[in-house]
Amino acid sequence: MNIIFISPDDPTPWRKALRKHLPEADVFFWGTDDIGDGFDKASIDYALVWKPDPGLLASFPNLKGIFNLGAGVDALLRDNTLPRHVPLVRLVDPQLSSGMVEYVAHWVLHFHRDMHIYAHQQRAHDWTPHNNASTATRRVGVLGLGELGQSCAHALMMLGFESVSGWSRTMKQLPGVRSFAGQDGLKDFLKQAEILVCLLPLTDATRGLINAESLALLPKGAFIINAGRGPLVVDEDLIAALNSGHVAAAALDVFNTEPLPGNHPYWTMESVHITPHVASLTTPMSSSAVIAEALRDLDAGKTPTNLVDFDQGY
Ligand code: NDP
Ligand code: OXD
């Protein structure tokens, strides 16, 4: 079995991880000395990729499967030449989920416990205590109840949040989580989300979903945590909502343009907390284990879990 690995990541830990979890495969690392003059693209069975250059995957004529080295496939689906007859599998990895849980729990607690206010007060040498809000009454809403959204909703309940809700395309039955679905459920979901966690994939249906209209539905003083994708948010609308105080603060990990341009207003807004798309990072060892399992399923003619639905775009 021959595999092409295409990613800007350092190949060294990946070589080690793939040797351990896929010892039967010959793995060739694109952009390294593995790809000599006689390299035969037709010999490649599977591709492991993160943001390959558009057109590159189409140049491997005999691919039997493509494995995305991340959860979001929006960048891949933007490539019009992507071979759509080839199964595309996205990454679902317990370590990716736990990284996201850490990021989301951090910011939910940060806002819930007024840390954004105390940070501001510290700069003003201001010793004003505030009453602590209660997890019994704080309402947290998770946009996107997939692998990551469900893990985060569960973790928030474990932290004591008694009012956790989620919004997805299809209705969910998750113990303790109030489920809202589809456009019909969106308004009611937003109206009660004091802390809004965004873990939606970027698709034609979700682009720009966080806009003036949806932001206006949030309770006054709401918080936004976006670790899904930047273009889910209309930046000017979020900035206006932050400036008016309707949205109290935002933690943003993903942006319309990455890296975030140096002159972007977010950089200097006190109410905005920026991280450089690190909410959860793919780790070679744990993701190689799950990719190896899915790859063997596919090779044995089974349908792997976590196949991308090209029609839905995720
Ligand atoms: P999943 O595919 O497991 O879940 C996606 C969720 O979004 C599902 O609940 C789905 O609904 C819902 N959804 C999709 N489209 C719509 C829609 N039009 N209306 C309502 N709900 C919708 O994805 P993951 O949880 O694994 O990952 C989510 C995203 O997180 C990734 O696509 C990626 O963009 C981002 N991410 C960011 C990282 C970071 O470091 N910042 C790291 C990893 C991922 P349903 O359940 O009904 O299908
Ligand atoms: C992902 C990401 O989609 O890191 O996995 O953004």
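When a residue number appears, it is its place in the shown sequence, counting from 1. Just the heavy atoms: all of them, side chains too, but no hydrogens, waters or symmetry mates, feed the values below.
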Roughly how far, to the nearest 0.5 Å, is the [atom2] atom of [Y] from the [atom1] atom of [X]?
| X | Y | atom1 | atom2 | value |
| --- | --- | --- | --- | --- |
| Asn306 | Leu91 | CG | CG | 8.5 Å |
| Ser288 | Arg15 | OG | CZ | 12.5 Å |
| His112 | Ser134 | NE2 | OG | 6.5 Å |
| Leu200 | Ser168 | CG | OG | 9.0 Å |
| Leu63 | Ile4 | CG | CD1 | 9.5 Å |
| Glu270 | Leu242 | CD | CG | 12.0 Å |

For the residue pair [X] and [Y], establish whether any side-chain heavy-atom pair is separated by less than 4.5 Å.
| X | Y | result |
| --- | --- | --- |
| Leu76 | Pro52 | yes |
| Tyr103 | Thr275 | yes |
| Leu48 | Leu295 | yes |
| Ile291 | Leu69 | yes |
| Leu148 | Ser280 | no |
| Leu88 | Leu77 | yes |
| Phe189 | Leu217 | no |

Below 4.0 angstrom, N of the basic side chain to O of the carboxylate: do Asp74 and Arg207 qualify?
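Answer for the salt bridge query: no.
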Going by distance alone, is a donor N or O of one side chain under 3.5 Å from an acceptor N or O of the other, for [X] and [Y]?
| X | Y | value |
| --- | --- | --- |
| Tyr118 | Asp126 | no |
| Asn226 | Asp253 | no |
| Lys172 | Thr170 | yes |
| Gln192 | Ser165 | yes |
| Trp50 | Asn68 | no |

Are Arg138 and Phe161 in a cation-pi contact, defined as NZ or CZ under 6.0 Å from the six-membered ring centre and within 45° of the axis?
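Ring-cation test returns no.
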Under the side chain to side chain donor-acceptor pair (under 3.5 Å) test, residues paired with [X] that sit two or more places apart:
| X | value |
| --- | --- |
| Asp309 | none |
| Glu147 | none |
| Trp30 | none |

Does one hydrophobic cluster hold both Val272 and Val247, with members joined at side-chain heavy-atom distances below 4.5 Å?
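Hydrophobic grouping puts Val272 with Val247.
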Is the number of heavy atoms from other residues, nucleotides or ligands within 6.0 Å of [atom1] ([X]) greater than 12?
| X | atom1 | result |
| --- | --- | --- |
| His154 | NE2 | no |
| Asp40 | CG | yes |
| Arg139 | CZ | yes |

What pairs with Phe111 under ring pair (Phe, Tyr, Trp, His ring centres under 6.0 Å), at least two apart in sequence or on another chain?
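Checked Phe111 against ring pair (Phe, Tyr, Trp, His ring centres under 6.0 Å); matches are Trp107, His116, Phe223, His273.
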Ring centers of Phe28, Phe5 separated by less than 6.0 Å
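When the ring centroids of Phe28 and Phe5 are compared, they turn out to be at least 6.0 Å apart.
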Pairs in or reaching into residues 277-298: which pass salt bridge (charged side-chain N to carboxylate O under 4.0 Å, His left out), with residues at least two apart or in two chains?
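Qualifying pairs, neighbours excluded: Glu24-Arg296, Asp297-Lys302.
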Among pairs that include at least one residue of residues 208-224, which meet side-chain hydrogen bond (donor to acceptor under 3.5 Å, both in side chains), considering only residues two or more places apart or in two chains?
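For residues 208-224: Asn211-Ser214.
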